[in-house]
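These numbers come from the heavy atoms of this one structure, side chains and all, not from hydrogens, waters or symmetry mates. Residue numbers start at 1 and run along the sequence shown.
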Amino acid sequence: MSNRVCIKKGLLPLMGVKFMGRLEHPTRFPMCVRSKTTSSQYVASRFRDPTFEKLMDNYKNLVKVISIQDLILANPKNQSVSIDFLSKLSQKLHLNRGATAFLRKFPHIFHIYYDHSKLKPFCRLTDAALGVTRQEAVAINASLPVVVERLVRILSMSASRMVPLRAVFKVWKELGLPDDFEDSVISANSGVFQLCDGHEQNTHLLKLVDGVSRNGIRAAVEDWRVVECCKEDCSVDRTEMQFSFKQGYPPGMRLRKNFKAKVKEWQRLPYVGPYEVPGEKKKSKAGMMAMEKRAVSIVHEFLSLTVEKMVEVEKISQFRKWFGIDLNIRDLFLDHPGIFYLSTKGKRHTVFLREAYERGRLIEPNPVYDARRRLLDLVVLGRRGLPAVNSKLEDSSSCHQARQEENQQRHDLSPS
């Protein structure tokens, strides 16, 4: 990442946010003086939201489950993988206690069996897990027109109307793209998308065809503003609604008057929307603040385009240059805790669009999300729901028992 644009200098006074049950810490906010802490210190000092942290605890295992699932489904003729092969990949897949121990934690997803012809244990998906993969595949194929619109919107947020193809590959699952999207989406819509060579060797750029206009595209936050204005109990002053974003804070996070005043001031600040062409960048304080608010609007819109309204910070950072964001995106999320939530669970930084969630679930789910949520539910289920006898047998190591049975059969068939 490029160097951060520091528009605040000096030491940060304690301001704005007071936390229940813990010591206050210096919290940075875009309108105030930025502290001279490192990014890692800033991340560590953030306020934790227990709902999102609990969700990410489950996502940690889900990411590993999906990695193994992809390996199993890689061979359509024989959708299985040997335990020995998974054991060799344990470190890469972050299976700290080994492949077999991890697989046994999720018997509703993985089934371990012994292949007598190959004399080794294998793993395949259960019928329930296969049903989820089919449901997701059907949902993705049915949503191809929506996917095309998502890509058009992402390209429209780039001033050059193009982004690197490798960046799209990074977020293809987050955007709900099919695994063959180069053919089924890009090539199939040659009147909308165009692939061209990049400046670097062996790189390609995905470009929006010149005839495609971005006029008339409205950001997701605009829809929220319209809905809020129509409410009788609107929480935001209608005169301030034009440039406002929905704000929400976790339980236990107390906001001081000074902090609320800063947020209110920021809400009124005019900015150039994500689909509008930005003017010349101004180096004044007001110009830098407007540039930062535009960056917030871009990443807000990007998150609203994802299936689960969440993405890894490393992945969205691939678009930073092309979206004209000259700020550290991770710090941007931390500067606006009422709009975004950053989690560091699972050795990765993941950002959520706070307004899209309620009690750990999407408020407005979609078919692809529903399928992925079913898989997450199987992960959360763990070993629960199994008959007591089967559970006991699993705990005694199904692979070891299968080998014992094989040896016993050989012994019985051998001449006395």
Side-chain angles (χ1 to χ4, degrees), residues 19-22 25 40 42-71 86 89-110 125-126 128-129 132-133 136 171 173-174 248-253 303 306-316 330 333-334 337-363 365 368-386 391 394-395:
F19 302 106
M20 300 286 289
R22 65 174 66 200
H25 59 76
S40 59
Y42 191 17
V43 171
S45 67
R46 77 194 187 285
F47 184 80
R48 270 70 164 181
D49 188 321
T51 302
F52 283 109
E53 291 300 307
K54 183 178 180 180
L55 179 61
M56 279 306 301
D57 273 331
N58 297 324
Y59 263 101
K60 285 192 303 181
N61 287 324
L62 178 64
V63 171
K64 299 174 186 179
V65 164
I66 291 175
S67 297
I68 298 175
Q69 176 183 271
D70 290 344
L71 290 173
L86 288 178
L89 296 176
S90 291
Q91 187 173 1
K92 187 175 182 180
L93 297 175
H94 305 292
L95 308 179
N96 300 330
R97 303 182 69 178
T100 305
F102 181 81
L103 295 173
R104 288 193 192 124
K105 288 171 62 177
F106 308 105
H108 294 282
I109 302 174
F110 302 114
L125 295 178
T126 63
V132 171
T133 60
E136 183 179 352
V171 294
K173 279 197 171 184
E174 285 80 356
Y249 300 93
M253 187 173 183
L303 284 169
T306 60
V307 171
E308 299 172 81
K309 316 307 177 194
M310 57 177 280
V311 71
E312 290 179 33
V313 175
E314 184 273 331
K315 292 181 179 180
I316 193 174
R330 184 176 61 178
F333 297 139
L334 294 171
I339 303 174
F340 311 109
Y341 181 73
L342 182 71
S343 175
T344 59
K345 292 278 187 179
K347 298 181 179 179
R348 65 190 73 216
H349 290 184
T350 305
V351 63
F352 293 85
L353 184 60
R354 184 181 288 280
E355 68 191 59
Y357 279 81
E358 185 176 12
R359 297 181 180 179
R361 287 179 176 268
L362 276 188
I363 298 174
V368 179
Y369 170 81
D370 288 336
R372 294 177 181 176
R373 185 73 199 199
R374 276 188 61 195
L375 185 60
L376 179 62
D377 291 340
L378 292 177
V379 171
V380 174
L381 192 58
R383 300 184 57 82
R384 288 172 293 179
L386 293 177
S391 180
E394 287 285 346
D395 287 337

Counting distance only, does the side-chain N/O of [X] pair as donor-acceptor with the main-chain N or O of [Y] below 3.5 Å?
{"X": "Lys309", "Y": "Leu362", "value": "no"}
{"X": "Arg330", "Y": "Val313", "value": "no"}
{"X": "Thr126", "Y": "His108", "value": "yes"}
{"X": "Arg383", "Y": "Arg104", "value": "yes"}

[X] vs [Y] side-chain heavy atoms within contact, under 4.5 Å:
{"X": "Pro337", "Y": "Phe47", "value": "no"}
{"X": "Leu71", "Y": "Leu89", "value": "yes"}
{"X": "Ile316", "Y": "Val171", "value": "no"}
{"X": "Val63", "Y": "Arg348", "value": "yes"}
{"X": "Leu86", "Y": "Leu103", "value": "yes"}
{"X": "Asn61", "Y": "Lys105", "value": "yes"}

Which heavy atom in [X] sits nearest to a heavy atom in [Y], and how many Å separate them?
{"X": "Gly360", "Y": "Thr51", "value": "N-CG2, 3.4 Å"}
{"X": "Val132", "Y": "Ala371", "value": "CG1-O, 3.2 Å"}
{"X": "Ile68", "Y": "Phe110", "value": "CG2-CE2, 3.7 Å"}
{"X": "Pro107", "Y": "Gly382", "value": "CD-O, 3.5 Å"}
{"X": "Arg354", "Y": "Asp49", "value": "NH1-OD2, 2.8 Å"}

Can you tell whether the side chains of [X] and [Y] come within less than 4.0 Å, N to carboxylate O?
{"X": "Arg48", "Y": "Glu53", "answer": "no"}
{"X": "Arg372", "Y": "Glu308", "answer": "yes"}
{"X": "Asp370", "Y": "Arg374", "answer": "no"}
{"X": "Asp70", "Y": "Lys173", "answer": "yes"}

Within this structure, what is the [atom1]-[atom2] distance for the pair [X] and [Y], rounded to the nearest 0.5 Å?
{"X": "Leu353", "Y": "Ile363", "atom1": "CG", "atom2": "CD1", "result": "9.5 Å"}
{"X": "Leu381", "Y": "Leu376", "atom1": "CG", "atom2": "CG", "result": "11.0 Å"}
{"X": "Lys54", "Y": "Ser343", "atom1": "NZ", "atom2": "OG", "result": "14.5 Å"}
{"X": "His349", "Y": "Leu334", "atom1": "NE2", "atom2": "CG", "result": "9.0 Å"}
{"X": "Phe352", "Y": "Tyr341", "atom1": "CZ", "atom2": "OH", "result": "8.5 Å"}
{"X": "Glu355", "Y": "Leu303", "atom1": "CD", "atom2": "CG", "result": "9.5 Å"}

| request: Assess whether side chain to side chain contact (heavy atoms under 4.5 Å, CB included) is satisfied between Arg361 and Tyr369, documenting all intermediate values. | output: CA-CA 10 Å; Arg361 287 179 176 268; Tyr369 170 81; 4.0 Å; yes
| Parallel, tilted or perpendicular: ring planes of Phe52 versus Tyr357, cut at 30 and 60 degrees | perpendicular
| request: Evaluate side chain to side chain contact (heavy atoms under 4.5 Å, CB included) for Arg97 paired with Phe102, printing each intermediate quantity in order. | output: CA-CA 7 Å; Arg97 303 182 69 178; Phe102 181 81; over 6 Å; no
| said: Working note: Thr350 + Lys345, criterion side chain to side chain contact (heavy atoms under 4.5 Å, CB included); need CA distance, chi angles, decisive distance, verdict. | reply: CA-CA 8 Å; Thr350 305; Lys345 292 278 187 179; over 6 Å; no
